[in-house]
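There's a structure below that I have some questions on.
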Amino acid sequence: MSIISPGHTQEPIQEPIREPRQQNPKGETQNESSLKKGSVLLVTLLVVSLLLMVVLTLVANVRMGLREIVQAQNTLAARNHARLGVELAIAQLQKHAGPDQRITAPATTILPSKDFSDMSGELFSLYRNRAEAFGGQLGPRRTYLSPAGRQEWEQDLRNWWKQGERHPHWTAVLDASLRADGGPSDRYGEPDRSQVPVWLISGNETSSQFDPLTPLPADAVELVGTRSATSSATDADSSVDGLNGRIRAPRIPVETNSTRVGSYAYWVGDESTKANFSVRDPWFDESDVTSATYRNRLQVPQRIGWERLSGLAAIFDKPANHLDLNDPLFDRIASVNQIQLLHPDFPPRLREAFHHLTASSRSLFTDTALGGLRKDLTVFFEGSGSSLSANDPVPDRSLYAPNDPRFGGASNDGFPRTTASEGLPTWGDLKDWHDNTPDTRAPVLTGY
C-alpha cells in the first residue's frame, strides 16, 4: 500500500551533467599540460639562474685574476725600481767613497759653514756669540765656553738646523788626500779645505743638485719616519741630539721611451760615526795596574760609552733591573732592534738614538792622506824586528813642501819638540811611550 501526502509529488533524483575532458594531440588533459608547462618554466629559470651565477663567478674570478696580475706586475716593477735605487746608491758609494783618500761625515760636521783660514763663517759666529772673553797677551778673545754657554751654543746649532727644511743626517764624502803642489818636487801640501762635498742622496748621480740646505720637491719620499727615529709620532725633534730625525729624499723618475714608468729614492747613512753597542771590553775585570792588559786599556779604548747617551743613562743607572755593560748577551746582538729585548725601557730610547747607535761597524787601516794601507806598529813596539828606525821621524818630511805650515814653515818648529832632527816626533818617541808602565805611587797634589 502506498501512502501519498497531499501537495507533494515525488520526482526522480538526477546527477549533475559533467562535460567530457578535452585532450591535447598528445593525449594529455589540460590540467596535466599546465602543470608540466609550469615545471618546465621553473626548471628553466633555475638553469638560467645557475648559468648566470656561473658567468658572474667566472667574470669575478677573471677580474680578480687580472687584478692580481696587474698588482704582481706593479709589485715587480716597484721592486725593480727599489733595486735600481739600491744599486745606484752602492755605485755612488763605491765611486765617491771607495778610494783610500776619502772620508765620510754627517752634514752636522760640514755645516754650518766655516772658513778655517781666517776663523770666519756661521759656525764661528754662533760660537763667539756664546763665548766668554778671555784676556791674554793678545788682548781679550771670546774663545772660552762656560758650561752654561756651551748648552746655549748647542741650542743655537739645533735652532740653526731647524730653519726651513734642512737635513742634518745626510752623508757627505770628502777628499782627504793632500794637495800636490805640482812643482818639480811634486810634494804635498794641505788638504783642500774649501772643497764641495758629495752628498750621498738620490738625484746627485750626475750632478750635485741637492744638498742639506736645498728645499726638496713636493713629491719627495720619506724614507725614515718619526716612529723610526723618534719616540714621538708627532715630534720629529725628540731625538737624542734634538734634531729632526726624519729622512726625506728626492723622488727620481724612471722612464722608458720617454714615458714615466716609476721612480726611486735612496739615502746612504753613515755607520762609521755611530756608537757600536755590541763591543765589550775583553779586559774589563783586569785590576793589576802593572799588567800589559791593563796598559792596553789605557792606550786604546776598548769600547764606546754609548750608555751615556741621553735617555739610555737612566736605564743603566736604575738600581732595579740593572744591566751589566759587559754582559755576554751584548756580543750576540746583530741589529739595533734586538737590543730592545734586553730591557723594556729600551724601545723608545733606541728610536731616539736611531742616528747614533749601530750593531755593526768595520774599518780598514788605510792612509786617508796618501793612500794605501797603514803599517802595523805591533812588530816595532814589541821589539821583534821591523823596518822602522827609532830615529826616523813619524811624518816623512820629504813628501811635504818645505814651507808647509803644519811643520812651522821654514823654521820646522810646528811640533813641541826641539831636540830631534827637524823638530819632529820620532818612532822612538812612540815606542818609549808604549814601553812605559803606569806609576803605582800615590799622586802628589800641589797648589797653584
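Since the model is a prediction, treat every value here as computed from it, not as a measurement. Throughout, numbering of the chain's residues begins at 1 and tracks the sequence.
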Practice task
Go through the side-chain N and O atoms of Gln155 and Asn159 and say whether any donor and acceptor fall under 3.5 Å apart.
Solution key: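 Yes, a side-chain donor-acceptor pair sits under 3.5 Å.
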
Handout entry: Contact check, side chains of Leu145 and Arg130, non-hydrogen atoms, under 4.5 Å
Key =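 Counting from C-beta outward, Leu145 and Arg130 do come under 4.5 Å.
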
Handout entry: Side chain proximity check, Arg349 to Ile315, heavy atoms < 4.5 angstrom
Key =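 SC-SC contact between Arg349 and Ile315 confirmed.
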
Exercise for the section: List the steps and the verdict of side chain to side chain contact (heavy atoms under 4.5 Å, CB included) for Val224 and Phe354. Expected result: CA-CA 10 Å; Val224 179; Phe354 177 86; 3.9 Å; yes

Practice task
Compare all side-chain heavy atoms of Phe210 with those of Trp199 and state whether any distance is below 4.5 angstrom.
Solution key: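 No, every pair of side-chain atoms sits at 4.5 Å or beyond.
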
Handout entry: Neighbour count above 12 (heavy atom, 6.0 Å) for Leu364 CG
Key =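 Open: at most 12 neighbouring heavy atoms sit under 6.0 Å from CG of Leu364.
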
Handout entry: Short side-chain donor-acceptor distance under 3.5 Å, His355 and Asp241
Key =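 Short answer, no.
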
Handout entry: Beyond-backbone contact of Pro250 with Ile252, side-chain heavy atoms, under 4.5 angstrom
Key =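 Sidechains of Ile252 and Pro250: in contact.
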
Handout entry: Distance-only donor-acceptor check, side chains Ser239 and Glu352, under 3.5 Å
Key =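 Their side chains do not contain a donor-acceptor pair, so the 3.5 Å distance test is not met.
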
Problem - Side chain to side chain, Leu309 and Leu357, heavy atoms closer than 4.5 Å - result: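 The answer is yes; the side chains approach within 4.5 Å.
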
Problem - Side-chain (Thr109) to main-chain (Ala105) donor-acceptor, under 3.5 angstrom - result: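 Judged by distance alone, no pair lies under 3.5 Å.
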
Handout entry: Over 12 foreign heavy atoms within 6.0 Å of CZ, Arg227
Key =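 Counting other residues, nucleotides and ligands, CZ of Arg227 exceeds 12 neighbours.
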
Practice task
State plainly whether the residues Glu154 and Arg150 are in salt-bridge range, i.e. N to O under 4.0 Å.
Solution key: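 Between Arg150 and Glu154 there is a salt bridge, with a charged N closer than 4.0 Å to a carboxylate O.
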
Handout entry: Under 3.5 Å: donor-acceptor pair, side chain of Gln94, backbone of Ala91
Key =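 It does not hold such a pair.
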
Handout entry: Whether Glu87 side chain and Ala89 backbone form a donor-acceptor pair below 3.5 Å
Key =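 Pair absent, no side-chain N/O of Glu87 close to backbone of Ala89.
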
Problem - From CA spacing to verdict: side chain to side chain donor-acceptor pair (under 3.5 Å), Asp192, Ser194 - result: CA-CA 6 Å; Asp192 183 7; Ser194 60; 3.1 Å; yes

Exercise for the section: Consider only side-chain N and O atoms of Thr358 and Ser360, and report whether a donor and an acceptor are under 3.5 Å apart. Expected result: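 No, no side-chain donor-acceptor contact under 3.5 Å.
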
Problem - More than 12 heavy atoms from other groups under 6.0 Å of CD on Glu255 - result: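 Enclosed: over 12 neighbouring heavy atoms sit under 6.0 Å from CD of Glu255.
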
Practice task
Could you tell me whether the side chains of Asn276 and Ser361 share a donor-acceptor contact shorter than 3.5 Å?
Solution key: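 Yes, Ser361 and Asn276 have a side-chain donor paired with an acceptor closer than 3.5 Å.
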
Problem - side-chain hydrogen bond (donor to acceptor under 3.5 Å, both in side chains) partners of Asn337, counting only residues at least two apart - result: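 Expected list: none.
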
Problem - Gln92 side chain vs Leu88 backbone, donor-acceptor pair below 3.5 Å - result: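 Flag not set: sc Gln92 to bb Leu88 has no pair under 3.5 Å.
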
Handout entry: Salt-bridge contact Glu222-Arg246 (side-chain N to carboxylate O under 4.0 Å)
Key =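 Between Arg246 and Glu222 there is a salt bridge, with a charged N closer than 4.0 Å to a carboxylate O.
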
Exercise for the section: Kindly indicate whether the side chain of Ser208, heavy atoms from C-beta on, has any atom under 4.5 Å from the side chain of Val196. Expected result: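 Sidechains of Val196 and Ser208: no contact.
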
Exercise for the section: Look at atom CZ of Arg260 and say whether more than 12 heavy atoms of other residues, nucleotides or ligands are closer to it than 6.0 Å. Expected result: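 Above 12, so yes.
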
Practice task
Consider only side-chain N and O atoms of Ser272 and Asp270, and report whether a donor and an acceptor are under 3.5 Å apart.
Solution key: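 Asp270 and Ser272 do have a side-chain donor-acceptor pair below 3.5 Å.
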
Exercise for the section: Anything under 30° is parallel, anything over 60° is perpendicular, the rest tilted; go ahead and classify Phe346 against Trp306. Expected result: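 Aromatic pair Phe346/Trp306 classed tilted.
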
Problem - salt bridge (charged side-chain N to carboxylate O under 4.0 Å, His left out) involving Glu132 - partner list, sequence neighbours excluded - result: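 Here no residue qualifies.
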
Problem - Leu373 backbone acceptor or donor facing Asp367 side chain under 3.5 Å - result: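 Here the side-chain-to-backbone pair does not exist.
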
Problem - Distance-only donor-acceptor check, side chains Asn204 and Ser202, under 3.5 Å - result: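 There is no such pair between these side chains.
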
Exercise for the section: Examine distances only and state if a side-chain atom of Asp432 and a backbone atom of Asp429 form a donor-acceptor pair shorter than 3.5 Å. Expected result: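 Not a single qualifying donor-acceptor pair exists.
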
Exercise for the section: Determine whether the aromatic ring centres of Tyr127 and Trp153 lie less than 6.0 Å apart. Expected result: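 When the ring centroids of Tyr127 and Trp153 are compared, they turn out to be within the sub-6.0 Å range.
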
Exercise for the section: With the side chain counted from C-beta on, respond yes when Leu213 and Arg166 share a heavy-atom pair under 4.5 Å apart, and no when they do not. Expected result: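 Yes, close enough: below the 4.5 Å cut-off.
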
Exercise for the section: Mark yes or no for whether Trp267, through its side chain, and His169, through its backbone, hold a donor-acceptor pair below 3.5 Å. Expected result: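 Side chain of Trp267 to backbone of His169: a pair is present.
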
Problem - Short side-chain to backbone donor-acceptor contact, Glu165 and Thr214, under 3.5 Å - result: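 No: the side chain of Glu165 does not pair with the backbone of Thr214.
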
Exercise for the section: Indicate yes or no for a side-chain donor-acceptor contact from Glu205 to the backbone of Gly203 under 3.5 Å, with no hydrogens or angles considered. Expected result: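 Confirmed, Glu205 side chain pairs with Gly203 backbone.
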
Exercise for the section: Mark yes when over 12 heavy atoms from residues, nucleotides or ligands other than Arg332 sit less than 6.0 Å from its CZ; otherwise mark no. Expected result: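 Counting other residues, nucleotides and ligands, CZ of Arg332 stays at 12 neighbours or fewer.
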
Handout entry: Side chains of Tyr294 and Trp283 in contact at under 4.5 Å (non-hydrogen atoms)
Key =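 No, too far: nothing below the 4.5 Å cut-off.
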
Problem - Ala369 backbone acceptor or donor facing Ser177 side chain under 3.5 Å - result: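 Such a contact is absent between Ser177 side chain and Ala369 backbone.
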
